[in-house]
Amino acid sequence: MSEIHWNRMTAAQLRELAAEDAVVLLPVGSTEQHGPHLPTGVDDLLAAEVCRRTAHLAAAHTRVVVAPSLWAGLAEHHVAFGGTFTLSLPTYHALLRDLCRSVLRAGFSRILIVNGHGGNMSALNALTNELTVELGTPIAFANYFGAGRDVVRDTLETQDGLMHACEGETSMMMAAHPELVRTEHLDAALGPAIQLPAESTEPVYRFVSFDRITESGAAGDARTASAEKGERMLAGCAAALADAIARDPWAAAPER
């Protein structure tokens, strides 16, 4: 099986892949509290895992390189619990600009930012537009859990989509990194149901610290999580992203 990870290849190998017009996946996540039972790196680890699986699936029709992940994001709402890194929006913009610029200067032209953190969603929608103009080339963006929305909804028992340290994220961690799940704390991994801010139907948005929402740090019910559910969701999200790559979202929009 061909190597897919940027930081495990030589510069010469990457030049060859750039000449083949390979797609570069840039996983972006967050390092933040994830309740009593999950590590702080959940969003980063899961985004990278979905990208790894996507690259292997997409190899049937195009070469794909998985860049090192951006492990910090916009997580101010989790700071009160401790264990959290967060960036300001200008810093996040600058980091993404420089990372994407580096990928382009290495000879690649097709970049897909793959997000694994709900708190990044609104910013990435806007920053994708900004980066496309600033860098002079189309930059694509996807939330892996949005691409795989159908399989996530059909797999989960207690919720329709991902929340936080919930049935969904816990199941995927059980499948991808079982050694990091503190199963002895699952009974305490319970909190109210929430909607991701970027998907909210509320007429007014205001900042709310996560400790005002849940005492445990979790939203949703992780007690029904399983590795089988996690494997199904990871596979389904990766398949959805591989299908999206095959449709070439970087192609010029049709003239109107």
Side-chain angles (χ1 to χ4, degrees), residues 4-8 24-56 64-79 81-89 91-100 102-103 111-124 127-128 141-148 152 161-166 168-182 189 196-198 210 217-220 222 225 230-231 233-235 237-238 241:
I4 59 166
H5 290 100
W6 181 297
N7 54 4
R8 294 174 61 90
V24 175
L25 302 182
L26 175 58
V28 299
S30 183
T31 301
E32 63 190 34
Q33 75 83 23
H34 267 79
H37 63 303
L38 293 179
T40 56
V42 167
D43 294 347
D44 177 50
L45 292 168
L46 292 180
E49 174 65 15
V50 172
C51 285
R52 181 187 70 80
R53 291 169 178 247
T54 299
H56 287 306
V64 178
V65 180
V66 179
S69 61
L70 177 52
W71 53 266
L74 306 177
E76 179 62 37
H77 49 302
H78 289 294
V79 168
F81 282 99
T84 297
F85 287 96
T86 191
L87 304 175
S88 68
L89 184 58
T91 298
Y92 195 51
H93 186 175
L95 269 171
L96 287 170
R97 181 196 305 119
D98 288 351
L99 291 173
C100 288
S102 295
V103 172
I111 301 172
L112 176 60
I113 298 171
V114 179
N115 177 48
H117 171 49
N120 293 339
M121 292 169 64
S122 295
L124 285 170
L127 293 180
T128 298
F141 154 60
N143 301 298
Y144 79 79
F145 45 84
V152 171
L162 291 194
M163 294 182 187
H164 186 76
C166 56
E169 287 191 324
T170 303
S171 292
M172 288 187 285
M173 286 296 291
M174 286 176 168
H177 299 282
E179 74 284 359
L180 298 180
V181 180
R182 280 71 168 177
L196 296 178
F210 216 66
E231 179 59 34
M233 287 186 288
L234 289 168
C237 290
L241 283 176

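As the structure is a prediction and not an experimental result, all values here were calculated from the model.
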Write down the atom of Phe210, the atom of His164, and the distance for their closest heavy-atom approach. CE2-CD2, 3.7 Å

Taking all atoms of both residues into account, what is the closest heavy-atom pair of Leu180 and Pro39, and its distance? O-CD, 3.4 Å

Check whether any side-chain N or O of Asn120 sits under 3.5 Å from a backbone N or O of Gly29 as a donor-acceptor pair, and report yes or no. yes

Using side-chain contact (heavy atoms from CB on, under 4.5 Å) as the criterion, list what pairs up with Ile4, not counting sequence neighbours. Arg52, Ala55, His56, Val66

So CG of Leu70 and NE2 of His117: to nearest 0.5 Å the spacing works out to 11.0 Å

Answer yes or no: is there a side-chain heavy-atom contact under 4.5 Å between Leu25 and Val64? yes

Distance from Tyr144 atom OH to Leu46 atom CG, nearest 0.5 Å? 4.0 Å

Which pair of heavy atoms, one from Asp43 and one from Ser30, lies closest together, and at what distance? CB-N, 3.7 Å

Hey, does the side chain of Thr31 reach the backbone of Trp71 with a donor-acceptor pair shorter than 3.5 angstrom? yes

For Leu112 and Ala142, which heavy atoms make the closest approach, and how far apart are they? CD1-N, 4.0 Å

What's the shortest heavy-atom distance between Ala176 and Leu234, and which atoms? CB-CD1, 4.0 Å

Got a sec, which residues hit side-chain contact (heavy atoms from CB on, under 4.5 Å) with Thr84, two or more places apart in sequence or on another chain? Glu32, Gln33, Ala75, His78, Val79

Any side-chain heavy-atom pair from Thr170 and Met174 closer than 4.5 angstrom? yes

Roughly how far, to the nearest 0.5 Å, is the CG atom of Leu38 from the CE atom of Met173? 6.0 Å

What are the two closest heavy atoms between Glu49 and Arg53, and how far apart are they? OE2-NE, 2.7 Å

CE/Met121 to CZ/Phe141 distance, rounded to the nearest 0.5 angstrom? 6.5 Å

Is a donor on one side and an acceptor on the other found under 3.5 Å between the side chain of Asn143 and the backbone of Phe145? no

Quick check: does any side chain N or O of Arg8 sit under 3.5 Å from a backbone N or O of Trp6, one acting as donor and the other as acceptor? no

OG of Ser88 to NE2 of His93: how many Å apart, nearest 0.5 Å? 11.5 Å

With side chains defined as the heavy atoms from C-beta onward, is the minimum distance between Leu96 and Leu124 less than 4.5 Å? yes

Rounded to the nearest 0.5 Å, the CE atom of Met172 sits from the CG atom of Leu162 at a distance of 4.5 Å

